[in-house]
Undergrad: 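Next up is a structure, given as structure tokens.
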Amino acid sequence: MEYENDYQQYSNSKYECLLFDVDDTLYPYSSGLSLQCTKNITEYMIEKLKIEESKVPEMCVQLYKDYGTTMSGLRAIGYDFDYDDYHSYVHGRLPYEEKLRPDPVLRNLLHSLPIRKVIFSNANDAHVATVLRILGIEDCFERIVTFESLNPTHESNVSDGRENQESNVGSGMDSDAGADPPLPKSPVICKPFENAFEQAFKIADINPKKTLFFDDSLRNLQTAKCMNLHTVLIGSSHRTTGVDYALESIHNIREALPELWEELAKAESPYSGQAAIETTVRA
């Protein structure tokens, strides 16, 4: 891994790790890949789970709102299906080559910083690997935390029916205490809930207080902020609650966070903290 031996040199910096979401963060929402993914989810619900078509759009939105991902919500309310089959249908049919292209600008930005870089995505391994490969940044990250990382294969891949335990929905976010009965608990661990972040911290050995987290989801960032991460919203320049920095594009990282490069320059300068000595160079 490029710069791997330099990490220790900059361990006293404000940030020791840069933590990145993938979809609509490392590439823009305007690519259309997320819209195609949503289309595949609705088709899966209709074709595979035999849910009435007229109910799917509203159901999809509500499950995403309640559980972080539609997949997690479907498992919570009693639908039994294989995770790999779901991911194959939803992500395996995406037109990656049509929607994405190599991003040398992002690659250069990432490689210009000898700070640990980690991926933290709700998506599955194959999807994340494909996106990183096409963008040309697959070698920019030290660790990759995905659906499989958070939901190991040795655990049950099929539920026994409806879960009656209280969901962790609202963890790390504002909620109206006692306003509604508890939702069924999902067996799926995912953002925006605290247990997903806790798992990621352990898996990637992350100190949240010295980590900068990039995501396009405000809900994910609000939980992250509650867990002591420094937060960067991607896709908007408007800061809001739970957001430390807001960028229209991941390409704006240098303009929005010049301190990352300033700390690097200070660490590399042989005269850091010392008066410069004037020298004469003769040709």
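Note that this is a predicted model, so its numbers are computed, not measured.
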Undergrad: So does G92 get a backbone contact from the side chain of H87, meaning a donor-acceptor N/O pair under 3.5 Å?
TA: no
Undergrad: Between R75 and Y83, does any side-chain donor sit less than 3.5 Å from a side-chain acceptor?
TA: yes
Undergrad: Between atom CG of D216 and atom OG of S236, what is the distance when rounded to the nearest 0.5 Å?
TA: 11.0 Å
Undergrad: If I compare all heavy atoms of G73 with all of Y67, which pair ends up nearest, and what's the gap?
TA: CA-CD1, 3.4 Å
Undergrad: More than 12 heavy atoms of other residues, nucleotides or ligands under 6.0 Å from CD of E53: is that the case?
TA: no
Undergrad: Given ring-ring contact (aromatic ring centres under 6.0 Å, His included), test F20 with F213 step by step and report yes or no.
TA: CA-CA 6 Å; F20 295 89; F213 177 51; 9.0 Å; no
Undergrad: Report the C-alpha separation of D139 and R107 in whole Å, then their side-chain angles, then the decisive distance to 0.1 Å, and conclude whether the side chain to side chain contact (heavy atoms under 4.5 Å, CB included) test is met.
TA: CA-CA 9 Å; D139 62 340; R107 177 180 175 81; 2.6 Å; yes
Undergrad: Is there a donor-acceptor pair under 3.5 Å between the side chain of S13 and the backbone N or O of Y15?
TA: no
Undergrad: Determine whether T70 and I41 satisfy the following criterion, side chain to side chain contact (heavy atoms under 4.5 Å, CB included), listing intermediate values before the conclusion.
TA: CA-CA 8 Å; T70 304; I41 291 172; 3.9 Å; yes
Undergrad: If the threshold is 4.0 Å, N to carboxylate O, is there a salt bridge linking E138 and R133?
TA: no
Undergrad: Less than 4.5 Å apart, side chain to side chain, heavy atoms only: is that true for I51 and M59?
TA: yes
Undergrad: For the residue pair S34 / D23, report whether a side-chain donor-acceptor contact shorter than 3.5 Å exists.
TA: no
Undergrad: With a 3.5 Å distance limit and no angle check, can you tell me whether D215 reaches the backbone of L221 through a side-chain donor-acceptor pair?
TA: no
Undergrad: Salt bridge check, K117 against E16: does any charged N sit closer than 4.0 Å to a carboxylate O?
TA: no
Undergrad: Do C37 and L94 make a side-chain contact, defined as non-hydrogen atoms from C-beta onward lying under 4.5 Å apart?
TA: yes
Undergrad: Taking atom types as modelled and ignoring hydrogens, do the side chains of Q199 and N195 form a donor-acceptor contact shorter than 3.5 angstrom?
TA: no
Undergrad: What's the spacing between D103 CG and L26 CG if we round to 0.5 Å?
TA: 9.0 Å
Undergrad: What do the steps show when you test L19 against F214 for side chain to side chain contact (heavy atoms under 4.5 Å, CB included), and what is the final call?
TA: CA-CA 6 Å; L19 186 63; F214 300 78; over 6 Å; no
Undergrad: Which heavy atom of R239 sits nearest a heavy atom of V243, and at what distance?
TA: NE-O, 3.5 Å
Undergrad: Could you give the distance from CG (L150) to CD (E198), rounded to the nearest 0.5 Å?
TA: 11.5 Å
Undergrad: For a quick test of reading the model, state the closest non-hydrogen atom pair linking V22 to S121 and the distance between them.
TA: CG2-CB, 4.0 Å
Undergrad: Should C190 and F147 count as side-chain neighbours, where that means a heavy-atom distance under 4.5 Å?
TA: no
Undergrad: Rounded to the nearest 0.5 Å, how far does OH of Y96 lie from CD1 of I134?
TA: 8.0 Å
Undergrad: Could you tell me whether the side chain of T130 and the main chain of A126 form a donor-acceptor pair under 3.5 Å?
TA: yes
Undergrad: Run M227 and F201 through side chain to side chain contact (heavy atoms under 4.5 Å, CB included) and show every step you take.
TA: CA-CA 10 Å; M227 301 193 74; F201 295 162; 4.1 Å; yes
Undergrad: Please give me the minimum heavy-atom distance between A224 and T231, naming the atom from each residue.
TA: CB-CG2, 3.9 Å
Undergrad: For E58, I'd like to know if atom CD has over 12 heavy atoms of other residues, nucleotides or ligands within 6.0 Å.
TA: no
Undergrad: Please tell me if the side chains of T223 and R219 come closer than 4.5 Å, counting only heavy atoms from C-beta onward.
TA: no
Undergrad: Kindly determine whether D244 and K225 satisfy salt bridge (Lys or Arg N to Asp or Glu O under 4.0 Å), including the steps that lead there.
TA: CA-CA 9 Å; D244 296 315; K225 192 62 181 175; 2.8 Å; yes
Undergrad: Are L135 and Y29 connected in the hydrophobic side-chain network, where two residues link if heavy atoms are under 4.5 Å apart?
TA: no
Undergrad: Does K191 count as lying over the ring of F120, i.e. NZ or CZ under 6.0 Å from the six-ring centre, within 45 degrees of the axis?
TA: yes
Undergrad: First locate atom SG of C17, then atom CD of E142, and finally report the distance between them rounded to the nearest 0.5 Å.
TA: 7.5 Å
Undergrad: Taking C-beta and beyond as the side chain, do D21 and I234 meet within less than 4.5 Å on heavy atoms?
TA: no
Undergrad: Compare every heavy atom of V145 with every heavy atom of I203, then report the nearest pair and how far apart it is.
TA: CG2-CG2, 4.0 Å
Undergrad: Report yes if the side chains of L113 and L18 come closer than 4.5 Å at any heavy-atom pair, otherwise no.
TA: yes
Undergrad: For a 4.5 angstrom cut-off between non-hydrogen side-chain atoms, does L212 reach L257?
TA: yes
Undergrad: Let me see the working for R93 and E43 under salt bridge (Lys or Arg N to Asp or Glu O under 4.0 Å), right down to the final yes or no.
TA: CA-CA 12 Å; R93 304 186 306 140; E43 290 180 0; 2.9 Å; yes
Undergrad: Does the plane of the ring in H91 sit parallel, tilted or perpendicular to the ring in H127? Use 30° and 60° as the thresholds.
TA: parallel
Undergrad: With rounding to the nearest 0.5 angstrom, report the CG to CD1 distance, N122 to I189.
TA: 11.0 Å
Undergrad: Measuring only between side-chain heavy atoms, which start at C-beta, is S149 closer than 4.5 Å to R143?
TA: no
Undergrad: Are D85 and Y44 close enough that a side-chain donor and a side-chain acceptor fall under 3.5 Å?
TA: yes
Undergrad: So does Y64 have more than 12 non-hydrogen atoms from other groups sitting under 6.0 Å from OH?
TA: no
Undergrad: Backbone N or O of S72 within a donor-acceptor pair of the S186 side chain at under 3.5 Å?
TA: yes
Undergrad: Taking R254 for its side chain and L260 for its backbone only, find out whether a donor-acceptor pair lies under 3.5 Å.
TA: no
Undergrad: Is a donor on one side and an acceptor on the other found under 3.5 Å between the side chain of E148 and the backbone of D125?
TA: yes
Undergrad: Looking only at heavy atoms, which two atoms of F141 and V118 are closest? And how far apart?
TA: CD2-N, 4.1 Å
